[in-house]
Visitor: 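Attaching a single structure in structure tokens format; questions to follow.
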Amino acid sequence: MIKIDHLVKNYGNNCAVDDVSFEVKKGEIVGLLGPNGAGKSTTMNILTGYLSATSGSVSIAGLDVLDNPMEAKKHIGYLPEQPPLYLDMTVEEYLIFNYNLKHCKLNRDKHLEEICDVVKIRDVYKRVIKNLSKGYRQRVGIAQALIGSPEVIIFDEPTVGLDPKQIIEVRNLIRTLGRDHTVILSTHILQEVQAVCDRIVIINKGKIVADELTENITRAVESNRRFHAKICGPQKEVLAMLKQKPGIVYAELLAARDGDAYTYLIESEVGIDIRKSLFYALAEKKWALVGLESLGMSLEDIFITIVDQTSGQRRYERKDNKPRRPSPAAGVEEEVAKSMVKKAKSGSDELSGLFGDDE
């Protein structure tokens with residue numbers, strides 16, 4: 001449905017998009033993820049025909065956006081970061097205006113009613129847009145993108161500025177739209193793509209650095225390597241045993257306490273599940289294990305590690321006034337990121353991603 005081939009966009013000496021190539025199949029929801037200034041919005045603007053490319057090509061449903069702009073745009077619904085609303089119009093007037101602008105051939109009243117039901121704006125249909133909340137304005141922006149029932153819908157930062165409830169509503173709406181449309185979601189919010197997307201494309205400094213199914217990235221992120229363990233027993237002896245136990249690379253006593261049980265942070269070696277052996281070792285000492293919580297690795301850490309691996313930057317460090325020990329998880333995250341980079345560069349079938357060098 002969408003094919004981007006060796007796309008390049010230069011602004012003078014600045015390369016905003018650097019040899020980007022990927023495809024999106026019909027009915028797929030793809031998240032275009034990256035830090036601010038990575039080139040996401042520029043890619044979206046070229047894809048919609050709003051900007052021209054320095055080189056490369058973009059096709060929608062087999063139509064080149066540059067050679068057949070009007071025909072290609074008939075297949076696209078687009079919601080930019082700032083919804084293109086006319087605030088003095090009512091919702092009804094605005095949607096009719098867009099209907100006429102797109103030369104839509106569908107039955108107008110029925111078509112607009114269906115869209116209002118999908119995006120849930122029927123109750124504000126007669127109201128002036130400037131009097132609506134930001135959440136409702138965002139919904140009106142989505143409604144204009146759906147006019148004409150385009151096969152491809154593109155969202156650029158659709159939840160910016162929304163409150164948590166509105167964010168959940170918009171995410172659910174995007175998930176619903178993905179049943180009948182091909183969707184590209186451009187964002188820098190990791191939880192957003194994890195919640196709604198089938199596939200994640202990570203872009204950094206204008207280059208694609210990862211292209212992977214969401215479930216595969218999630219499996220890597222959720223590996224059980226860090227735990228909070230609540231153990232009843234003498235603190236010093238328990239901590240000494242944990243530090244000496246094979247398979248555990250780090251152990252620390254935390255301040256949290258539950259009755260006579262103390263909480264310990266435990267980090268296992270990569271690829272080793274220490275839960276069963278830990279249980280048996282504690283049972284042998286007659287120290288009760290009353291809780292074991294898997295912490296896994298955060299998607300944010302994986303993302304930051306991948307981006308830093310491909311841009312030559314130092315790993316992200318939180319800045320506050322508290323002294324911090326070097327995180328043992330950093331090594332685990334780097335192992336995952338390096339593995340993903342290595343697989344992509346070697347063309348492994350296990351990872352469909354494309355990793356590029358820094359611009």
Visitor: Please answer whether the main-chain N or O of I274 pairs with a side-chain N or O of S268 as donor and acceptor at a distance below 3.5 Å.
Guide: no
Visitor: For G141, is there any backbone N or O sitting under 3.5 Å from a side-chain donor or acceptor partner on Q144?
Guide: yes
Visitor: Under a 4.5 Å side-chain heavy-atom rule over Ile, Leu, Val, Met, Phe, Trp and Tyr, are V128 and I121 clustered together?
Guide: no
Visitor: Is it true that D163 and K165 have a side-chain N and a carboxylate O under 4.0 angstrom from each other?
Guide: no
Visitor: Got a donor-acceptor contact below 3.5 angstrom from the R175 side chain to the A195 backbone?
Guide: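 Pair found, side chain donor or acceptor close to backbone of A195.
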Visitor: Would I4 and V24 satisfy side chain to side chain contact (heavy atoms under 4.5 Å, CB included), going step by step from the backbone distance to the final call?
Guide: CA-CA 9 Å; I4 298 177; V24 183; over 6 Å; no
Visitor: Mind telling me whether Y94 and Y86 have parallel, tilted or perpendicular rings, with 30° and 60° as the class edges?
Guide: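 It falls in the tilted class, 30° to 60°.
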Visitor: So T182 and K26, side chain to side chain contact (heavy atoms under 4.5 Å, CB included) or not? Walk me through it.
Guide: CA-CA 5 Å; T182 298; K26 186 176 181 179; 4.2 Å; yes
Visitor: In chain order, what residues pass the side-chain hydrogen bond (donor to acceptor under 3.5 Å, both in side chains) check against Y99, with sequence neighbours excluded?
Guide: none
Visitor: Is there a side-chain contact between P158 and I142 in this structure, where contact means two heavy atoms from C-beta onward sitting under 4.5 Å apart?
Guide: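 Not touching, per the 4.5 Å side-chain cut-off.
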Visitor: Could you check whether K9 makes a cation-pi contact with Y11, meaning its NZ or CZ is under 6.0 Å from the centre of the six-membered ring and within 45° of the ring axis?
Guide: yes
Visitor: Are there over 12 heavy-atom neighbours, none belonging to K134, within less than 6.0 Å of that residue's NZ?
Guide: yes
Visitor: In the structure I gave you, are the side-chain heavy atoms of E93 and I129 within less than 4.5 Å of one another anywhere?
Guide: no
Visitor: If I take atom SG from residue C197 and atom CD1 from residue I184, how far apart are they, to the nearest 0.5 angstrom?
Guide: 10.0 Å
Visitor: So L289 and K230, do their side chains get closer than 4.5 Å, heavy atoms only?
Guide: no
Visitor: Would you check if R139 and K120 make a side-chain contact, meaning some heavy-atom pair closer than 4.5 Å?
Guide: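 Sidechains of K120 and R139: in contact.
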Visitor: Decide yes or no on side chain to side chain contact (heavy atoms under 4.5 Å, CB included) for R122 and E113, but give the supporting numbers first.
Guide: CA-CA 8 Å; R122 186 183 282 272; E113 283 179 8; 3.8 Å; yes
Visitor: Please tabulate, for the side chains in residues 28-36, all donor-acceptor contacts under 3.5 angstrom to protein atoms that are two or more places apart in sequence or on a different chain.
Guide:
{"residue": "E28", "atom": "OE1", "partner": "K25", "partner atom": "N", "Å": "3.0"}
{"residue": "E28", "atom": "OE1", "partner": "R199", "partner atom": "NH1", "Å": "3.2"}
{"residue": "E28", "atom": "OE2", "partner": "R199", "partner atom": "NH1", "Å": "3.4"}

Visitor: Among L146, L177, V170, T176, exactly one meets side chain to side chain contact (heavy atoms under 4.5 Å, CB included) together with V119. Which residue is that?
Guide: L146
Visitor: Determine, using the 4.5 Å side-chain heavy-atom cutoff (strictly less than), whether I147 and L106 are members of one ILVMFWY cluster.
Guide: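 Different clusters: I147 never reaches L106 through Ile, Leu, Val, Met, Phe, Trp or Tyr contacts under 4.5 Å.
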Visitor: Mind checking the NZ-CG spacing from K207 to D19? Nearest 0.5 Å is all I need.
Guide: 6.0 Å
Visitor: Got a donor-acceptor contact below 3.5 angstrom from the D258 side chain to the A261 backbone?
Guide: no
Visitor: Run the side-chain donor-acceptor check on residues 235-249: report pairs under 3.5 Å with partners two or more places apart or on a different chain.
Guide:
{"residue": "Q235", "atom": "NE2", "partner": "Y262", "partner atom": "OH", "Å": "3.1"}
{"residue": "K245", "atom": "NZ", "partner": "S277", "partner atom": "OG", "Å": "2.8"}

Visitor: Has the side chain of R257 got a donor or acceptor atom that lies under 3.5 Å from a matching backbone atom of G259?
Guide: yes
